[in-house]
Chemist: 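Submitted below is the structure of interest, expressed as structure tokens.
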Amino acid sequence: MEFENTIGLETHVQLKTRTKMFCGCLLKTGCEPNTNVCPVCLGYPGALPVMNKEAVKLTVMSGMMLGCEVNRHATFDRKNYFYPDMAKDYQISENGSPLCIGGGIEITRADGTKKFIRINHIHLEEDAAKINHYAATSGVDFNRGGTPLMEIVSEPDMESADDAIAYLTALKEMLIYAGVSDCNLEEGNMRSDVNISIRPVGEKKLGTKVEIKNMNSFSGIHAALVHEARRQRECMAHSIPIVQETRRWDPEAMETASMRSKENAHDYRYFPEPDLVPVELDEATIEEWRKLLPEKPEARRARMVEDYGIAEYDAEVLSQHKENADWYEAAAKGLDKKTAKALCNLFMGDVMALMNASGKTIGECAMTPAALAALVKLSVAGTINGPTLKELLPEIFEKGGDPEQIVKERGLGAVSDTAALEAFVDQAIAANPGPVQDYKNGKKAAAGFFVGQVMKLSKGKADPKIVGGLVAKKLSALALSLVAAMLVMFAGCVSFTPQQACMFTDHEGNIVSVEYGHSKKDHVSKFTAPNGKVLDMKTKLAVRVTLPDGNEFFAWECMNTLSVGTMYRTDNEKWMYHANGISCRVFKKAVNPSTGQDDYLEIFEGVICEGPKNDGE
């Protein structure tokens, strides 16, 4: 029998309030144990709780972010149980009338499909103290006891461990955006009780639920759900009944273990909290809190794509951390889309690398949004080049400063004057005849050497893009003049008169040089047509082709009735050349690996990058 999972989560989130839920003790981390305590949070007889209004507000705001209905009349109850981390032997919680009801979150699965995960309710309670276990003893730290704790209870709408992680990720993002919690899993700000059952596919009734308590890492939750789903299926396969119980996750053994059996809510003997009045919320208060809500992450991503012209992936990465998204938008304010896109690329690449290396958040670095925007504007305008930008960025990140003033004071402006750059290019070519010859011999990578030489001559101030174009133009002219000289020698043998010169490049930057011309006399050759008939071809039209590796061949026109261009072929039928005016292809006769027969195999395909040049002009 095939089974399906039904998974629901009870997620506990510590709220960002200054004091505890029912007393005035400050909420601080890193303090000595049991120093932020008072008679109320220690459960002394006669101590009375006073409700924290800020905690109520943050819970209601969370509910509104998640599409919940706000309960205008909410009540608190006592949840009775004995455990060392609860000094009163009961916890003040909400059972019958929670603050928020309904709502949900839409998740995106790995295959791109979306699913809406419903929320049953959100209630507010106080957190328990923290138990610390040592080698021979255990201790209870009541500093955490009484922390405002919001519990978000989902419906069992999740079907896999991946669904659960997608839900928690979306939930964490939403709560951080609302500013209600830090959701720091390592500090215990966010932890979940995981409920899972299985049932036959197509069955509507839920199976017997098993709860896995106090999971405080996404990886642990995922592993526990995968294991428990497998364990329950094995139980069914061996006719072992699944009992309703609480289990714990053992990360070392990578399995769950039974803790205690668990019945229903009446185990806790809930009854109304006699020392607290109900929470009555009027419409004016609710609307006042609604105005404090931020833009939802999903809506923000869509707007960032539209406003700044950045990719959806970029918007996704930026919006994952609200601080990063806020900082980026502050920097991008007022920029055109081209500059905003360049800003995004720099932020997601170099700036995030600096954040990772330094261990600082974007808000902790010395660089301001205005400074990064100014730096990017200098780059986009061509005032500084790429190397200069990368040189200045770490300094401004660590020390701050005005990029425009730094560039001006240090004379770091880019050299973009063509005449000045051509002089550097000529100087580099004249001083390095070896690499020039390498380029003529087909080693196109030699062009990069000259770009580097020009950057050195300009002390890093030259614009690499302009330099690259000038170097390519100069070297191509030298290579073309060599081809022309060889053609003059060859023309004496075949009476060839060149008329046009073109250069083609492929996607890897390889260059093919071509001379188009004609002979004084007809050249006669035999050509096998596609129908197998051998034809005598007479033509005066020919080409001289120089390949990227320096090899050359001379070919005669053999077919000019092709709708897509003209075909040329060498007398020995080893080479064929096809051109249509804007692109060309070169074929070499060889054994086709697929058929084992001689065939013309394409060795080059490119588009025109220079020419045509008529009569050497």
Side-chain angles (χ1 to χ4, degrees), residues 440-442 476-507 510-592 595 597-617:
K440 290 180 179 180
N441 292 338
S476 298
L478 290 173
L480 199 58
S481 65
L482 176 64
V483 172
M486 296 180 69
L487 282 172
V488 170
M489 293 168 51
F490 192 79
C493 302
V494 297
S495 300
F496 177 78
T497 303
Q499 291 180 304
Q500 290 184 339
C502 293
M503 297 182 70
F504 298 85
T505 181
D506 64 6
H507 66 281
N510 297 312
I511 300 292
V512 162
S513 300
V514 183
E515 288 276 352
Y516 294 87
H518 65 273
S519 63
K520 292 181 180 179
K521 298 179 180 180
D522 285 338
H523 178 79
V524 181
S525 62
K526 294 186 180 298
F527 175 72
T528 303
N531 60 8
K533 187 176 181 180
V534 179
L535 305 174
D536 286 334
M537 295 294 298
K538 293 182 179 180
T539 183
K540 292 185 174 69
L541 301 179
V543 292
R544 175 82 172 199
V545 180
T546 303
L547 301 173
D549 61 4
N551 287 325
E552 301 169 349
F553 64 83
F554 190 84
W556 299 90
E557 181 188 65
C558 62
M559 182 174 284
N560 58 12
T561 57
L562 298 176
S563 60
V564 292
T566 306
M567 188 73 77
Y568 300 82
R569 188 202 62 182
T570 59
D571 278 338
N572 61 9
E573 299 187 358
K574 183 178 180 180
W575 297 93
M576 291 187 70
Y577 169 79
H578 168 257
N580 65 2
I582 61 172
S583 65
C584 81
R585 293 188 294 167
V586 178
F587 302 86
K588 183 179 181 181
K589 199 168 191 178
V591 176
N592 189 325
T595 64
Q597 304 293 322
D598 282 349
D599 199 355
Y600 282 105
L601 306 181
E602 183 179 292
I603 65 166
F604 179 89
E605 180 177 10
V607 295
I608 194 166
C609 62
E610 188 170 322
K613 294 184 177 180
N614 298 320
D615 298 326
E617 292 181 3

Chemist: Output all residues satisfying side chain to side chain contact (heavy atoms under 4.5 Å, CB included) with N592, sequence neighbours left out; order by chain, then residue number.
Modeler: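 If we apply the side chain to side chain contact (heavy atoms under 4.5 Å, CB included) test to N592, skipping adjacent residues, the hits are S594, T595, D599, L601.
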Chemist: Could you work out, with ring-ring contact (aromatic ring centres under 6.0 Å, His included) as the rule, every residue matching F553, not counting sequence neighbours?
Modeler: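 If we apply the ring-ring contact (aromatic ring centres under 6.0 Å, His included) test to F553, skipping adjacent residues, the hits are W575.
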Chemist: Who are the side-chain hydrogen bond (donor to acceptor under 3.5 Å, both in side chains) partners of Y577, not counting sequence neighbours?
Modeler: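 Testing Y577 for side-chain hydrogen bond (donor to acceptor under 3.5 Å, both in side chains), a comparison that skips the adjacent residues, returns Y516.
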Chemist: So, using side-chain hydrogen bond (donor to acceptor under 3.5 Å, both in side chains) as the criterion, who are the partners of K540 when residues are at least two apart?
Modeler: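 In terms of side-chain hydrogen bond (donor to acceptor under 3.5 Å, both in side chains), with neighbours along the sequence ignored, K540 is linked to D522.
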Chemist: Roughly how far, to the nearest 0.5 Å, is the CE atom of M567 from the CZ atom of F587?
Modeler: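 Between F587 CZ and M567 CE, I get 5.5 Å after rounding to 0.5 Å.
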Chemist: Measure the spacing between NZ of K574 and OH of Y600 and express it to the nearest 0.5 Å.
Modeler: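 Interatomic distance, K574 NZ to Y600 OH, rounded to 0.5 Å: 11.5 Å.
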Chemist: Rounded to the nearest 0.5 Å, how far apart are NE2 of H518 and CD of Q499?
Modeler: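 Rounded to the nearest 0.5 Å, the NE2-CD separation comes to 5.0 Å.
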Chemist: Test of understanding: with salt bridge (Lys or Arg N to Asp or Glu O under 4.0 Å), list the residues that count as partners of K588, not counting sequence neighbours.
Modeler: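 Partners of K588 by the salt bridge (Lys or Arg N to Asp or Glu O under 4.0 Å) criterion come out as none, since no residue qualifies.
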Chemist: Check side-chain hydrogen bond (donor to acceptor under 3.5 Å, both in side chains) between D571 and all other residues, then give those that pass, not counting sequence neighbours.
Modeler: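 Only H523 meet the side-chain hydrogen bond (donor to acceptor under 3.5 Å, both in side chains) criterion with D571.
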Chemist: How close do M576 and R569 get, heavy atom to heavy atom, and via which atoms?
Modeler: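 Scanning both residues completely, I find the closest heavy atoms to be CG-CG, 3.8 Å.
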Chemist: Once you round to the nearest 0.5 Å, how far does CD of E552 lie from CG of L547?
Modeler: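 Rounded to the nearest 0.5 Å, the CD-CG separation comes out at 8.5 Å.
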Chemist: Going from OH on Y568 to CD on E557, what distance comes out if it is rounded to the nearest 0.5 angstrom?
Modeler: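 These two atoms lie 5.5 Å from each other.
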